[in-house]
Amino acid sequence: MVTASQILVASNRGPVSYTLGEDNSLTAKRGGGGLVSGLSAIGPDADAVWICAALGKGDREAVRRNDGRLPVADTGDQRVRMLDIPAEVFADAYNGIANSVLWFVHHLLYQIPLEPVFDSAFEARYAAYEAYNAAFADALAEEAAPGAVVLVQDYHLALVPGLLRSRRPDLRIGHFSHTPWAPPDYYRVLPDGVGAAVLRGILGADRAAFLTWRWAEAFTACCADVLGASVLSTDGELVVSYEGHTTRIGVHGLGADADFLRERSQRADVAERMATLRQQIGGQGRKTIVRVDRTELSKNIVRGLYAFRRLLDDHPEWHERVVHIAFAYPSRQDLAVYREYTAEVSLVAEKINSTYGTADWTPVLLHVKDDFARSLAAYRLADVALVNPIRDGMNLVAKEVPVVSDRGCALVLSREAGAYAELGEDALVVNPYDIADTARALHTALLMDPDERAERTKRLAAAATALPPRKWFLDQLAALRG
């Protein structure tokens, strides 16, 4: 008999993934991140369960062998129920709607003269998104004890709170958005019925939370504009009332896990990567500009490379004196637009190196294979960190670099990153579309006095770690219970 749970978390990706070997063996790999850290913070006696989706063949086989309830030996003693949603339904919901529509709307990524086109193919994919959300709502309704607290995560599951409310009105439901939220004029790109359904879905929650007030206010503006909902400010908290239900709005700016990062960055494998990077940088006293990103369209990697090229054009004194370490880890390569973007990043980097490089100076060191230890090594070596997204819910790289930097690091930061709300005062802030502006900021950052850089880094690190993952999670839990 399965014990009903008092605390439930729902997210597309779970805390563990499986690889199916040629001998039919399953190998489990635990993930990291704020949710894993946060859920472990409540302790093993909290009757908590994590609902997630099977992402690949290994996950689906693990579901079949364990009736969906993963062995706690694989999950770090967390109770996890993994859903084997039909592969074609999952693909249409995840790639066809969540990542190709909702992500594009919230990050303002569409080339509006050409896209989006909402036709019969879209309608079929949206039906899959509805079915995918319904599968989560059904599982949560089955697993939840009377009056349980449910924390639903992100744009993949935007319909779940409303669906779950209709199934289990006794539950206390929260939804957290890890992305930005589009302003009303752009949000209305969505078909009217879909845009309204997504808002109604989230408003099924007792509390909807965001990474910054900017995104929270954009959401409430959409509720008012699209649904005609009432938005009030009560005791410093925004409240949305719609069709007899009230949803409180909260903000929790997820921070870096300082203890983990500092310990992990001092391990031997990081030291080895640092030695290799120093060798690749070459030269005596060369400075480094570091970026670490997935090749996600919103991360603005290509314009970052253009800005570095502009720096070399405008300031030839930096030739052979600075190296741009660019880690661009492939993301969503099953989507053609992401494959094309990844190829463009490599092409631009190659052109910079062929134009400016010398026998003993490679201006851009581009790495495309994910390596966390190497990322930490680059963080420690960085003189300048470049974080210039077109739009980003938060951007934890901006918060992680100051925490582990060895000598202090100047942060060049896009005003469109959620992290700007907390870090803007001590960063060099740029318009992410303006190549000249970004190049000037890189030049200023490279020239920054070491003492000023160290002081800024201390303040950046303090702000970056103010709400570490465990506190971020527990604060949401407390707010929902309160």
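Residues take their numbers from the sequence shown, with the count starting at 1.
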Check: Could you walk me through whether Tyr155 and Asn12 pass the side chain to side chain donor-acceptor pair (under 3.5 Å) check?
Finding: CA-CA 9 Å; Tyr155 60 103; Asn12 175 70; over 6 Å; no
Notebook entry, point to check: Relative to the ring of Phe176, is the ring of His252 parallel (under 30°), tilted (30 to 60°) or perpendicular (over 60°)?
Noted result: tilted
Checklist line | Contact check, side chains of Lys299 and Asn395, non-hydrogen atoms, under 4.5 Å | finding: yes
Checklist line | Min side-chain heavy-atom separation Val337-Ser100 under 4.5 Å | finding: no
Next item on the list: Show your reasoning for whether side-chain contact (heavy atoms from CB on, under 4.5 Å) applies to Asn431 and Arg415.
Entry: CA-CA 6 Å; Asn431 173 348; Arg415 67 191 185 197; 3.5 Å; yes
Next item on the list: Any chance you could lay out the side-chain contact (heavy atoms from CB on, under 4.5 Å) test for Arg13 and His156, step after step, and finish with the verdict?
Entry: CA-CA 10 Å; Arg13 184 180 299 274; His156 313 91; over 6 Å; no
Margin query: Would you compute the distance between atom CG of Leu261 and atom CD of Glu400 and round it to the nearest 0.5 angstrom?
Written below: 5.0 Å
Item checked: Exam field: side chain Asp370 to backbone Tyr329, donor-acceptor pair closer than 3.5 Å -> no
Margin query: In terms of relative ring orientation, are Phe219 and Phe210 parallel, tilted or perpendicular, with 30° and 60° separating the classes?
Written below: tilted
Item checked: Reported OG1-to-CG distance for the pair Thr438 and Leu428, which is rounded to 0.5 angstrom -> 11.0 Å
Checklist line | Phe136 side, atom CZ; Ser11 side, atom OG - distance, nearest 0.5 Å | finding: 6.5 Å
Margin query: Just so I know, are the side chains of Leu423 and Lys399 near enough to count as touching, which here means a heavy-atom distance under 4.5 Å?
Written below: yes
Next item on the list: Compare all side-chain heavy atoms of Arg262 with those of Gln266 and state whether any distance is below 4.5 angstrom.
Entry: no
Notebook entry, point to check: Does any non-hydrogen side-chain atom of Tyr129 lie less than 4.5 Å from one of Asp92?
Noted result: no
